[in-house]
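Numbered from 1 within each chain, the chains take letters A, B, ... in sequence-line order.
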Amino acid sequence: MKLFDELRARGLVQDIMPGTEELFEKEKVSFYWGVDPTADSMHVGNLGALMLLVFMQRHGHQPIPLIGGATGMIGDPSGKSAERNLLDEETLKHNMEGVLVQFRKLLDFDHPDCPARLENNYDWFKDMGALEFLRNVGKHLTINYMMAKDSVKNRIETGMSFTEFSYQLIQGYDFYHLYKHHGVKVQVGGSDQWGNITAGTELIRRMDGGEAFAFTCPLVTKADGSKFGKSESGNVWLDPAQTSPYRFYQFWLNSSDEDSENFIKRFTTLALDEIDQLIESHRQEPHLRQLQQTLAREVTVMVHGEEAWQQAVNASSILFKGSREDLMKLDRQALLEVLEGVPTHTLKRESTVDPLEVVSFLATETGILPSKSEATRSVKQNSISINNEKVGLDFKISSNDLLNNEFILVQKGKKNKYLVIVES
RNA sequence: GGAGGGAUUCCCGAGCGGUCAAAGGGGGCAGACUGUAAAUCUGCUGCUUCGGCUUCGGAGGUUCGAAUCCUCCUCCCUCCA
């Protein structure tokens, strides 16, 4: 299957520059994708574009992931409605390290033919002076051209600093630099990057008379219109320390039917005909949730590994289907594994002098809920379970409720789990 | 610098001096139905020892009583220079 047939089938092509497709058919291509180190981990939103590199490398092309050590210092205005704060150097450095780890997991840096190669645009910007930049780069694009970009137009009303305005020039120069010195002919990215990317091809044309190519993938969207990549607890990160594999797994498992059909094409490397079969059988028996489970498995294994996935599955099954007795049966080790990644709260042992009112337990003693009013409401609404059993307002926590004499599992609603650790 | 307009609970937004913890919408949460889906319906959405208490940009003031009136301050927007 041709590269672009596959990418299209997976819903990964939005804008494409004429000639790009032909280039990929003709030769092995080095192409780059840049991400700014705005956090010390990428999130599933970044993964949406990163998958492009994964698929393209599998087709024998060389991915050049670029970390924006320089661009991260400027701030990309694309898709942003307001000026952002600048990150300090130390933070950027720390962030870059985190992002690099994730590149290594997803891309093959030791491939015999087309190994991924990391670049950092700080390398070529750190020694460039302002005058040099203005004379050699800025001279080639007009203000008129730059102002026509959506990222700029959208900010005319609210205002935008010169710093952010110049972002497209910086990113454009990256492309030029990689083109000139490393033979990189193509840039890819999310569709919000189109403006910045074309600034690059334009620069290459004007500075060098060269021809470069590009295409973008659509930003990941959800059928119900809500933002992709957010869970109750915020962004879904690739870093297991920030989003535990259990939560990561649950994030995918909870995809709606409609979304999971798209996600499985975009985020897994399963063959397309296999995916079609899965979708078909899922439509026949949607309640089995095969599609969600496969999606969750594939992505979790890819990002966190087989073992972490297995643990997430075990934990899920006990947390969602286990009874109070099942929980009581687990030993300390098993409990810790199952409850790995569930947010924890602590309770002083003195205060458990049983019995302890549920409401005080939830609010004052553990802080799972912010106030007694809210705790009372939740219990009244029949949404609180202790150790997988629903409780009423008259319920009192006692030492009989301790799992392995030190834990209490609290659940609010269907999906929110909290682990209470009783400390002596 | 001059002239206006504005700031309300997570967000938007309404709010005759008393009946305002504050309409309505959004969002969020929960319950029912299900499949840990979507849609739908319902409830909740400041704190509380359930007596009350603290909220309407900030500080004062008028009044029996203020989100609502007055003064000063801060910030934001529009127009003029």
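Where pairing requires Watson-Crick or G-U contacts shorter than 3.5 Å, the helical stems of RNA chain B with at least three consecutive pairs are B:1-7 with B:74-80, B:10-12 with B:24-26, B:27-32 with B:40-45, B:57-61 with B:69-73.
With hydrogens and angles ignored, a donor-acceptor pair closer than 3.5 Å exists between the side chain of A:Gln250 and the base of B:rU36. For A:Gln381 against B:rG31, a side-chain-to-base donor-acceptor contact under 3.5 Å is absent.
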Can you give the donor-acceptor pairs under 3.5 Å from side chains of residues 114-122 of chain A to other protein atoms, not counting sequence neighbours?
unit_1	atom_1	unit_2	atom_2	d
A:Arg117	NE	A:Glu119	OE2	3.4
A:Arg117	NH2	A:Glu119	OE2	3.1
A:Arg117	NH2	A:His182	ND1	3.3
A:Asn120	OD1	A:Gly69	N	3.1
A:Asn120	OD1	A:Tyr122	N	2.9
A:Asn121	OD1	A:Gly69	N	3.1
A:Asn121	OD1	A:Ala70	N	2.7
A:Asn121	ND2	A:Thr71	OG1	2.8
A:Asn121	ND2	A:Asp174	OD2	2.8

Donor-acceptor pairs are to be reported for all side-chain atoms of residues 299-318 of chain A against protein atoms at under 3.5 Å, with residues two or more places apart or in another chain.
unit_1	atom_1	unit_2	atom_2	d
A:Thr300	OG1	A:Ala296	O	2.5
A:Ser316	OG	A:Gln250	NE2	2.9
A:Ser316	OG	A:Ala312	O	2.7

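Sorted by residue number, the list of members of residues 296-314 of chain A with any non-hydrogen atom under 4.0 Å from RNA chain B is empty.
Qualifying salt bridge (Lys or Arg N to Asp or Glu O under 4.0 Å) partners for A:Glu258, counting only residues two or more places apart in sequence or in other chains: none.
Pairs of residues two or more places apart, or lying in two chains, that qualify as side chain to side chain donor-acceptor pair (under 3.5 Å) and include a residue from residues 89-99 of chain A are A:Asp40-A:His94, A:Asp88-A:Thr91.
Using modelled atom types, no side-chain atom of A:Asp36 and backbone atom of A:Thr38 make a donor-acceptor pair closer than 3.5 Å.
Ring pair A:Phe263/A:Phe267 is perpendicular by interplanar angle, where above 60° counts as perpendicular and below 30° as parallel.
Between A:Lys2 and A:Glu21 there is no salt bridge, since none of the side-chain N atoms of the basic residue sits less than 4.0 Å from a carboxylate O of the acidic one.
Distances shown here put every side-chain N or O of A:Lys380 at or beyond 4.0 Å from the OP1 or OP2 atom of B:rA30.
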**Request:** Apply ring pair (Phe, Tyr, Trp, His ring centres under 6.0 Å) to the pair A:Phe361 and A:Phe395, showing each step before the final yes or no.
**Result:** CA-CA 10 Å; A:Phe361 169 74; A:Phe395 185 84; 8.8 Å; no
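Distance from the side chain of A:Asn416 is smallest to B:rA30 among B:rA30, B:rC47, B:rA39.
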